[in-house]
2 protein chains.
Amino acid sequence: MDILMQSLRIGINDKLYIKDPESSKLGKKIVEESILLIEEVGFESFTFKKLGVRIKSNESSIYRYFENKHKLLLYLSSWYWGWVEYRMVFATNGISNPKEKLQKAIAILTQKVEEDNAFTHINEVVLHKIIINEYSKSYLVKEVSQENKEGYFVVFKRLVGRLSQMITAVDADYPYPLSLASTLLEGSLHQYFLQEHFPTLTNCNTSVNPTEFFTDMIFRTLNLNLND
Amino acid sequence: MDILMQSLRIGINDKLYIKDPESSKLGKKIVEESILLIEEVGFESFTFKKLGVRIKSNESSIYRYFENKHKLLLYLSSWYWGWVEYRMVFATNGISNPKEKLQKAIAILTQKVEEDNAFTHINEVVLHKIIINEYSKSYLVKEVSQENKEGYFVVFKRLVGRLSQMITAVDADYPYPLSLASTLLEGSLHQYFLQEHFPTLTNCNTSVNPTEFFTDMIFRTLNLNLND
DNA sequence: GCTAATATAATAGTATTACTATCGTTATTC
DNA sequence: GAATAACGATAGTAATACTATTATATTAGC
């Protein structure tokens, strides 16, 4: 990413934190290291106490930024989807041909994540792994409807909406653009998971990637031809 | 289901329990009521202590059947997928036309679940809800590879394999049968979830169901026509 | 119907988690 | 240089996720 973007910020619902972690050194450290620690030990075993030890700070200080680890996960997820949305909009912006535009969007949304130096304290590659393994846990909770009302999932919802519109732009008569869009986003994470842990349940591997599978699936579903 | 099936049992990996819950009244009660309690309070808030109170039995007695609630969830999931597999095999058994066979399989796998009186102590409708909300949590854990080696997911894997074969039977040249099969199973649960909690992210509702969406998607992907 | 074996209930206890509260110390700002 | 905000240290609580032990039922075999 360009040096021009150095001061870019991803907008996140301010109910997800008590004190904005972007506003201090400690806050950034909490975000940065929580990503690494969650990836290392898994979300279930992750605690603020352990994170405190790791960043040589106090448990109670972390609680001043985030109410609990669930909110932290929602924060990280919002950041991730905001970042993906930004890259998708940026990459598809100049494309006028709807088919090309959709193809580019699918690529961005299903690609393996590479490092992005525009955001120095966040390791996007590791964050992608967390999203693959933990994102579902942020919404598969009893409180989901209330949290949805609070706007904790707006970024993700906007992204599905955008993709859905691109599908409709290509084929206005296709009856399930939203379901296809949500299936792509969720399914892409799932295929990455399977590739790592259940290779017998997927055709994705070192030579075939989720982008190829989903591009093929969506293009066939919309009766488009890749090569014209 | 038929009265003939009254004594049917779903085969489950015996490492998932300490004492077979099918072998006693208390064991069956544990399974029966755990389904209802998990659905009521969600998996995170569910504890063996609460279950003990509910079934007027002791926490420690439940621990004699299941090591912990994670194993219980794996047990319930295996039961569910075994039950689905059984119904799928049963329903598609006599069909020789591969296209018809696939269509029937998709229907069974994506349908809304109705009560099945063959298994008196298990409420399949509620169990389906649990699978929608909690199944991911059974495999999105750090120990997944080890648990996979122990065979905790064989039933689900066999089901994906069967569906994949049916896809290949219809189109031997389709390059992603496994990914399409796993996307269908996972995606179907996801669409049900969205329908309930994020209606703006799906086209499934009271008049359109996941079966229609997925049948359409898979048939288009495989270049099949529904009506011939 | 009695005995032995097994299953279950009751109770107690431990380490860890997920916090909350308080207070002293260190930075920052005005 | 004083005021204010941020942070660290410590303590404490209720709940969780168990394990262990012992007492009491239940059942099975004879």
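Each chain gets a letter, A, B and so on, in the order its sequence line appears, and its residues count up from 1.
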Which part of the nucleic acid does Lys49(A) contact within heavy-atom distance under 4.0 Å: base, sugar-phosphate only, or nothing? nothing
Length of the line joining Leu51(B):CG and dC18(D):P, which is rounded to integer Å: 14 Å
Correct closest heavy-atom pair for Gln191(A) and Cys204(A) would be OE1-SG, 3.9 Å
Considering only side-chain heavy atoms of Asn68(B), which listed nucleotide, dC18(D), dT16(D), dT17(C), is closest? dC18(D)
Give one of base, sugar-phosphate or nothing for Ser57(A), where a contact means two heavy atoms less than 4.0 Å apart. sugar-phosphate
Could you check which of dG8(D), dT21(D), dC7(D) has an atom nearest any side-chain atom of Ser60(A)? dG8(D)
Between atom NZ in Lys69(B) and atom C1' in dT17(C), what is the gap in whole Å? 12 Å
Return the value, rounded to whole Å, for the distance between atom NZ of Lys56(B) and atom P of dA9(C). 12 Å
I want to verify a distance call: between dT8(C), dA17(D), dC7(D), whose nearest atom is closest to the Glu59(B) side chain? dA17(D)
Which nucleotide sits closest to the side chain of Thr47(B): dA20(D), dC23(C), dA17(D)? dA17(D)
Point-to-point distance, once rounded to the nearest 0.5 Å, from OH of Tyr65(B) to CG of Leu72(B): 13.5 Å
Which nucleotide, dT10(D), dT21(D), dA17(D), lies nearest any side-chain atom of Tyr63(B)? dA17(D)
Atom CD of Glu40(A) and atom CD1 of Ile35(A): how far apart are they, to the nearest 0.5 Å? 12.5 Å
Assign Ser24(B) to base, sugar-phosphate, or nothing according to its heavy-atom contacts below 4.0 angstrom with the strands shown. sugar-phosphate
Between dA5(D) (C1') and Tyr65(A) (OH): distance, integer Å: 11 Å
Between C1' on dA25(D) and CZ on Arg64(B), what's the gap in Å once rounded to a whole number? 13 Å
Quick one: label Glu67(B) by what it contacts on the DNA or RNA (base, sugar-phosphate, nothing), any heavy atom closer than 4.0 Å. sugar-phosphate
Could you tell me how far apart Glu44(B) (CD) and dT17(C) (C1') are, to the nearest whole angstrom? 15 Å
Measure the distance from CD1 on Ile62(A) to C1' on dA6(D) and round it to the nearest whole Å. 14 Å
Could you give the NZ-to-P distance, from Lys71(A) to dC19(C), as a whole number of Å? 10 Å
Between dA9(D), dA9(C), dT8(C), spot the one nearest the side chain of Asn58(A), thanks. dA9(D)
Inter-residue atom distance Leu140(B).CG - Glu134(A).CD, 0.5 Å rounding: 7.0 Å
Just say parallel, tilted or perpendicular for the rings of Trp83(B) and Tyr80(B), cut-offs at 30° and 60°. tilted
Just checking Phe48(A): base, sugar-phosphate only, or nothing, at a heavy-atom cut-off of under 4.0 Å? nothing
